[in-house]
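Keep in mind that what you see is a predicted model, and the values were worked out from it rather than measured.
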Amino acid sequence: MPLPRPGVPMEAPAIGPIVVAIRGPSRSGKTAMVCALIERLAPQGIRIGYAKRTHHGLDLPEKASGRVWAAGPAAMAIACPDRLQLTFPPGDGAAKTLIRSFPAEIDLVLLETHAPEPYPVVRSELIEAAEGEATLATWSLADLDGAADRAGGAIRELMPRDLELDRALRRARAAHGEHACAGLILGTRLARYAGQLLGIELPDREKRLVVRVEIDRCAADAIQAVTGCRPGKRTLRFVDYGKLAATFWDLRTGRAVRVAARGDLRERVGEAGEGRHAAQAAAYLAWPDEALFTVREVAEPLGELELPGPPRRRVMCGACGEEVADGREVLTAAGPRCRPCAAAG
């Protein structure tokens, strides 16, 4: 379910993409309005997707793409000089299905439609508002440019103020099974705050960052998605302290910081009962970093056996005969043992 954002009508979510319906009858200027809005909003750094349902075919039957699509592939990608087109079977044709097909990087979806949809709408003056429809602006063909200016301003007010945070939240949500809970939001904010403190752009593509996460809950998925660090690359590791906290090492500078959620967050949100999770999510989205987290510098360096890269050492467990990498063995009187064998005696 989308998280509520106070003052935003219908199904505008707290985490994007924002969806706006461009609604009108045939030949009312819907496509012209879409183009005008893209021309106004895209230069502001907003990544826009366009969605439409049509009864027209997309491929010429005599072309190779038309023949291949008729054969029934699961997906088809076609590159031509001006675009890369990825085609899937039509599904149920519902607006939500179209919107879910966009990648997480899309900030705004303009849905061209003649029928009412449960989203804020920019509406042609040739039709009346549907019951409960939240109209951001209306247009007529005689004043398309002026209407596009008004509609563009209304849509920009609907957008998150921090698009980069919203994109990070969308990456985290995708990694978390499309579930956007309060813990996921807090983990996203925590990871971004650490990146800002260390001066590292996230996700880390320069192999600078190693993260140690202290909890195995929702925030851990967010930290992995936002930082780009992964257990398989030895850049993300877990210690089960049950704390919503993580330590971030910058391998380039040697600096490390530990960022932890303040212990009184739930108390300060103050909401109880069924609405507490939504209240927590709204607070964690809105509060400044300093109100959410504590920070301390960490003097502890990473050891040689903790660094990313190929294994530095391998030994054989004398009990089970399995290989143990990177100093994880236990030295006993009988020789090296893996940790399970050492614990078993």
At what distance, to the nearest 0.5 angstrom, does [atom1] of [X] lie from [atom2] of [Y]?
X: Q224; Y: L236; atom1: CD; atom2: CG; answer: 5.5 Å
X: L209; Y: L202; atom1: CG; atom2: CG; answer: 6.5 Å
X: D289; Y: T294; atom1: CG; atom2: OG1; answer: 12.0 Å
X: R217; Y: L184; atom1: CZ; atom2: CG; answer: 14.0 Å
X: R266; Y: H277; atom1: CZ; atom2: NE2; answer: 9.0 Å
X: R167; Y: L169; atom1: CZ; atom2: CG; answer: 12.0 Å

Joint hydrophobic cluster, [X] plus [Y], side-chain heavy atoms closer than 4.5 Å:
X: V295; Y: Y241; answer: no
X: I200; Y: V226; answer: yes
X: V298; Y: I215; answer: no
X: F238; Y: L186; answer: yes
X: L126; Y: V121; answer: no

Identify the two heavy atoms, one from [X] and one from [Y], that lie closest to each other, and give their separation to 0.1 Å.
X: L190; Y: I223; value: CD2-CD1, 4.1 Å
X: P17; Y: L108; value: CB-N, 4.3 Å
X: R262; Y: A291; value: CD-O, 3.5 Å
X: R234; Y: E306; value: NH1-C, 3.9 Å
X: V19; Y: P120; value: O-CD, 3.6 Å
X: R161; Y: M159; value: NH1-O, 3.3 Å

Should we say atom [atom1] of [X] is surrounded by more than 12 heavy atoms from elsewhere, each under 6.0 Å from it?
X: E178; atom1: CD; value: yes
X: E128; atom1: CD; value: no
X: R156; atom1: CZ; value: yes

Could you please spell out the steps behind the side-chain contact (heavy atoms from CB on, under 4.5 Å) verdict for C80 and Q85?
CA-CA 8 Å; C80 59; Q85 178 174 291; over 6 Å; no
Run the side-chain contact (heavy atoms from CB on, under 4.5 Å) check on I22 and Y50 step by step: do they pass?
CA-CA 10 Å; I22 311 301; Y50 169 63; over 6 Å; no
Validation row: [X], [Y] side chains within 4.5 angstrom (heavy atoms):
X: T227; Y: F248; value: yes
X: V269; Y: W287; value: yes
X: L37; Y: I48; value: no
X: T253; Y: R208; value: yes
X: L302; Y: L251; value: yes
X: L307; Y: R312; value: yes
X: P160; Y: I18; value: yes
X: T188; Y: Y284; value: no

Salt bridge check: are [X] and [Y] linked by an N-O gap of less than 4.0 Å?
X: D166; Y: R173; result: no
X: D250; Y: R255; result: no
X: E105; Y: R47; result: no
X: E329; Y: R313; result: yes
X: E117; Y: R53; result: yes
X: D204; Y: K233; result: no
X: R212; Y: E300; result: yes

Can you tell me which residue pairs pass the ring-ring contact (aromatic ring centres under 6.0 Å, His included) test with a partner in residues 132-183, sequence neighbours excluded?
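The answer is H176-H179.
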Only distances under 3.5 Å count here; give the side-chain donor-acceptor pairs of residues 331-345 to other protein atoms, sequence neighbours excluded, each with its distance to 0.1 Å.
unit_1	atom_1	unit_2	atom_2	d
T332	OG1	A334	N	3.2
T332	OG1	G335	N	3.3
T332	OG1	G335	O	2.6
R339	NE	R328	O	3.1

Just by distance, do the side chain of Q44 and the backbone of R40 share a donor-acceptor pair under 3.5 Å?
yes
Pairs involving residues 20-34, ordered by first then second residue, that meet side-chain hydrogen bond (donor to acceptor under 3.5 Å, both in side chains) (sequence neighbours left out)
R23-E133, T31-E112
Take T247 and W249, measure what side-chain contact (heavy atoms from CB on, under 4.5 Å) needs, and give me the verdict at the end.
CA-CA 7 Å; T247 302; W249 281 270; 3.6 Å; yes
Evaluate E290 against Y193 for side-chain contact (heavy atoms from CB on, under 4.5 Å), listing each step before the verdict.
CA-CA 9 Å; E290 294 78 7; Y193 190 30; 3.9 Å; yes
